[in-house]
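Protein chains get the first letters and strands the later ones, always in sequence-line order, with residue 1 at the start of each. Only this structure's heavy atoms are used, side chains among them; waters, hydrogens and symmetry mates stay out. Source: prediction; values computed, not measured.
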Protein chains: 2
Amino acid sequence: MRTQSTSNETIEMYLKTIAELGDGGAPVVIARLAERLGISPVSANEMVKRLGEQGLVAHVRYKGVTLTKNGRYIAHNVIRRQRLWERFLVDHLKMEWSGVYEMACRLEHATSNVLAEALSAYLGHPTTCPHGSPIPKSDGSLPLVSTRPLTALRVGEKGCIHSIQPTTTDVYAYLNRYQILPDRNFTVSEIAPMEGPITLDLPSGKVALGRSMAELVWVNV
Amino acid sequence: MRTQSTSNETIEMYLKTIAELGDGGAPVVIARLAERLGISPVSANEMVKRLGEQGLVAHVRYKGVTLTKNGRYIAHNVIRRQRLWERFLVDHLKMEWSGVYEMACRLEHATSNVLAEALSAYLGHPTTCPHGSPIPKSDGSLPLVSTRPLTALRVGEKGCIHSIQPTTTDVYAYLNRYQILPDRNFTVSEIAPMEGPITLDLPSGKVALGRSMAELVWVNV
DNA sequence: ATTCTTTATAAGGTCACCCTTATCTTTTAA
DNA sequence: TTAAAAGATAAGGGTGACCTTATAAAGAAT
């Protein structure tokens with residue numbers, strides 16, 4: 001007599017990923033979603049259909065998936081919980097900055113609302129995660145930040161790193177190794193042609209970043 | 001190309017439950033296991049067979065299931081992680097004593113070894129959970145404690161509550177309401193016949209406990 | 001306008017983990 | 001010792017979430 005519908009964990013991962021990829025509400029094409037979740041596009045398509053039936057997302061053929069109001073509320077709560085855990089892991093448990101995203105992702109699924117609020121209070125209601133991204137409020141609101149990816153800058157422009165977008169542990173580790181971290185100032189010293197690397201001048205030295213990695217680095221000018 | 005064997009979470013729940021029910025290594029009959037896990041005995045039987053194939057448990061027909069060395073190692077690590085989280089939830093997040101068992105159970109499944117060790121260090125390597133039970137060491141060892149259930153005492157005996165065995169939130173809440181908590185001293189003031197309630201004389205007053213609840217209360221005399 | 005690429009869907013599977021009902025065995029207790 | 005109770009298993013199902021291999025439809029590029 002067990003009515004087991006789609007598991008929370010699966011739903012949460014889909015909604016969170018849609019929110020992360022379609023930052024601010026842009027439609028996310030199913031193939032991108034599948035890629036990020038590490039599953040086949042066909043499976044993602046099936047799942048999106050189910051999420052649509054539950055009123056959590058809207059899908060327009062060949063355009064992409066967007067979150068409904070309800071879906072976004074859930075997604076932001078998921079992101080909130082994850083980023084709170086990230087703060088705890090980095091600030092209190094002194095865990096590696098590059099590994100906490102994945103660790104916190106797992107903890108997130110096991111976190112009730114009441115736990116999230118207790119954790120937030122314990123941490124002193126932080127507003128950003130260790131990667132610089134804002135932590136949504138418990139009402140699901142997420143402040144809009146006006147930053148842009150590093151790829152939008154031109155040679156000679158100076159800026160300050162605002163945040164690193166969600167990525168994998170190895171990418172975080174790479175960025176960490178070269179001190180590409182929130183709140184670091186830099187100057188764009190070179191942009192190679194043919195989609196080549198972007199070279200940054202940081203206090204710690206010069207670093208060349210490929211375009212796709214540079215997409216993940218959001219900056220203020 | 002996804003080789004998905006029996007999920008960690010499922011295995012962990014089975015092993016942990018066997019360890020909890022067969023405290024110290026007594027065989028656990030499959031029906032008890034099923035009851036505790038909230039599944040049918042047939043399903044539990046199937047699963048036990050799978051765990052047996054993986055060398056984690058041994059099952060003797062009509063006698064019960066026991067953990068192998070390897071199975072016990074995993075079970076104790078699971079219990080360790082859960083009890084560490086319980087400490088964190090109670091001591092730091094100030095969450096309700098009666099609810100933390102279930103909360104910590106969920107967090108446990110999302111906890112890697114490295115996280116568990118960091119958490120243990122953060123907490124100052126505690127040796128007992130908030131319900132009084134010992135926390136296994138990271139090598140899987142669990143100190144034997146020589147306590148007995150309240151049901152083993154006779155009228156007039158004095159004792160001190162050592163621990164409350166794992167149970168459901170509502171039972172914890174009941175015990176908490178009547179201050180039946182670790183380290184409280186008491187006298188057995190009455191034992192009703194016909195498997196009736198056992199009445200305790202506590203600093204906070206007299207409390208009558210049914211036999212099955214009294215089984216959960218472990219005491220030192 | 002036609003080809004190429006990207007995106008979506010249809011059809012048919014797999015696997016872990018759960019279910020019920022029916023049929024044994026073993027243990028226990030009258 | 002024999003019947004009842006408790007425990008185990010066989011047989012047959014179901015569901016969520018994934019998979020692969022087509023095929024169809026839309027958008028982009030020549």
Legend entry - Of the listed nucleotides C:dA11, D:dC18, C:dC18, the one nearest the side chain of A:Val42: C:dA11

Legend entry - Under 4.0 angstrom between A:Ser40 side-chain N/O and D:dC18 OP1 or OP2: no

Legend entry - Test: A:Glu46 and A:Arg50 ion pair at under 4.0 Å: yes

Inset, instruction - Indicate whether OP1 or OP2 belonging to C:dA8 is found under 4.0 Å from a side-chain N or O atom of A:His59. - result: yes

Legend entry - Salt bridge flag under 4.0 Å for residues A:Glu53 and A:Lys49: no

Legend entry - SB check A:Arg36 A:Glu20 (cutoff 4.0 Å): yes

Inset, instruction - Can you tell me the distance, in whole Å, between the NZ atom of B:Lys49 and the P atom of D:dT9? - result: 6 Å

Inset, instruction - For D:dA17, take OP1 and OP2 only and decide whether either is under 4.0 Å from a side-chain N or O of A:Thr10. - result: yes

Legend entry - A:Arg87 side chain to A:Thr128 backbone, donor-acceptor under 3.5 Å: yes

Inset, instruction - Measure from CE on B:Met47 to P on C:dC19 and round the result to the nearest Å. - result: 13 Å

Legend entry - Interatomic distance where CG belongs to B:Asn45 and C1' belongs to C:dC19 [whole Å]: 14 Å

Inset, instruction - Check whether the side chains of A:Ser141 and A:Asp139 place a donor and an acceptor atom closer than 3.5 Å, and report yes or no. - result: yes

Inset, instruction - Using heavy atoms to find the nearest nucleotide of DNA chain D for B:Val60 and A:Pro41 separately, return the residue whose nucleotide is more 5′. - result: B:Val60

Inset, instruction - Output yes when A:Glu117 and A:Arg80 qualify as a salt bridge under the 4.0 Å nitrogen-oxygen rule, no when they do not. - result: yes

Inset, instruction - Hey, can you tell me if B:Tyr172 and B:Tyr101 have their rings parallel, tilted or perpendicular (30° and 60° cut-offs)? - result: tilted

Inset, instruction - Output the residues of residues 28-36 of chain B in contact with DNA chain D, where contact means a heavy atom of the residue under 4.0 Å from an atom of the strand; sort by number or write none. - result: B:Val29, B:Ile30, B:Ala31, B:Arg32

Legend entry - Backbone of A:Pro130 reached by a side-chain donor or acceptor of A:Trp97 within 3.5 Å: yes

Legend entry - Atom-to-atom span, CD of A:Gln54 to C1' of D:dG16 - whole angstrom: 12 Å

Legend entry - B:Met13 CE - C:dC18 P separation (whole Å): 10 Å

Inset, instruction - Check whether any side-chain nitrogen or oxygen of B:Arg50 sits under 4.0 Å from OP1 or OP2 of C:dA16, and answer yes or no. - result: no

Legend entry - Rounded distance in Å - CD1 (A:Ile39) to C1' (D:dG16): 13 Å

Inset, instruction - Could you tell me whether a side-chain N or O of A:Arg83 sits under 3.5 Å from a main-chain N or O of A:Pro134, the two making a donor and an acceptor? - result: yes

Legend entry - Length of the CD-C1' vector between B:Glu46 and D:dG13, whole Å: 11 Å

Pairwise N/O distances under 3.5 Å, protein to nucleotides 26-30 of chain D:
none

Legend entry - Separation of C:dC18 P from B:Leu51 CG (nearest whole Å): 10 Å

